[in-house]
Participant: 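The structure follows.
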Amino acid sequence: MKLATTTYPVLETIRKRWSPRAFASYPVAPETLHQVFEAASWAASAMNEQPWRYLYAHHADQETFQKMVDCLLPGNQPWAKNAPVLILALAKTHYDNGTPNGAALHDLGLANGNLILEATALGLHGHFMGGFDVAKTREVFQLPENLQPVAFIALGYLGEAEQLEEPFLSREKAPRQRKGVEEIAFHNQLPA
Ligand SMILES: Cc1cc2nc3c(=O)[nH]c(=O)nc-3n(C[C@H](O)[C@H](O)[C@H](O)COP(=O)(O)O)c2cc1C
């Protein structure tokens, strides 16, 4: 557990969420995964467009799972290949009438926030990955033009840090750090 050490009190689920690389091998039940996606679906979105889409594979879905692993960059493959579930988070970038939805990435982020907090509340951990080959992902999964692959998510129950090799082992044990509230939130005026 790498509980966030906060200056101000926050929800316990927010404190508990962190991004591990060591996952236990046991699977995530389909019902549990549906709960997590349900949470994502209840995020706010511009015009209630709900531009989030998810493609997921359990480790046992060998072919799709391996395709996902192959799309990841080498820094993510060694540990993500052992996650019980891989999820590809996609943003629908255009409304059905062809107009660009400028809020699509924002709204996918909100949905991902819901997803990961629900997962945390259910005892799961997730790790977002922007390190993947976009062109390859588009090709492998035959993505239509208006679906932008934004992040992969490794999801599962926490494993033992000792499963990992360096440099991942050290990262797993490293303390978590954040900017202070005074560095990100400003009363009345932004700093020059
Ligand atoms: C959009 C996004 C992309 C990320 N990409 C990667 C990645 O490719 N590989 C990786 O190991 N971690 C990745 N991370 C995880 C971040 O490094 C991590 O969230 C950050 O260091 C804060 O740590 P915490 O999530 O444990 O609080 C990504 C996180 C986000 C939100």
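We count ligands from 1, going down the list as the structure has it; atoms in each ligand are counted the same way.
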Participant: With distance as the sole criterion, is a donor-acceptor pair present between the side chains of E118 and N114 under 3.5 Å?
Facilitator: no

Participant: Please check: side-chain N/O of D107 versus main-chain N/O of A104, any donor-acceptor pairing under 3.5 Å?
Facilitator: no

Participant: Could you work out, with side-chain hydrogen bond (donor to acceptor under 3.5 Å, both in side chains) as the rule, every residue matching Y54, not counting sequence neighbours?
Facilitator: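 Once residues adjacent in sequence are excluded, the partners of Y54 under the side-chain hydrogen bond (donor to acceptor under 3.5 Å, both in side chains) criterion are N112.
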
Participant: Contact residues of ligand 1 with a heavy-atom cut-off of under 4.0 Å?
Facilitator: R17, W18, S19, R21, N76, W79, H127, F128, M129, G130, G131, R176, R178

Participant: Quick one: side-chain hydrogen bond (donor to acceptor under 3.5 Å, both in side chains) partners of E49, sequence neighbours excluded?
Facilitator: K92

Participant: Kindly say whether the aromatic ring centers of Y56 and F37 come within a distance under 6.0 Å.
Facilitator: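 Judged by ring-centre distance (under 6.0 Å), Y56 and F37 do meet the cut-off.
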
Participant: Kindly state each residue pair satisfying side-chain hydrogen bond (donor to acceptor under 3.5 Å, both in side chains) with at least one member in residues 134-152, sequence neighbours excluded.
Facilitator: none

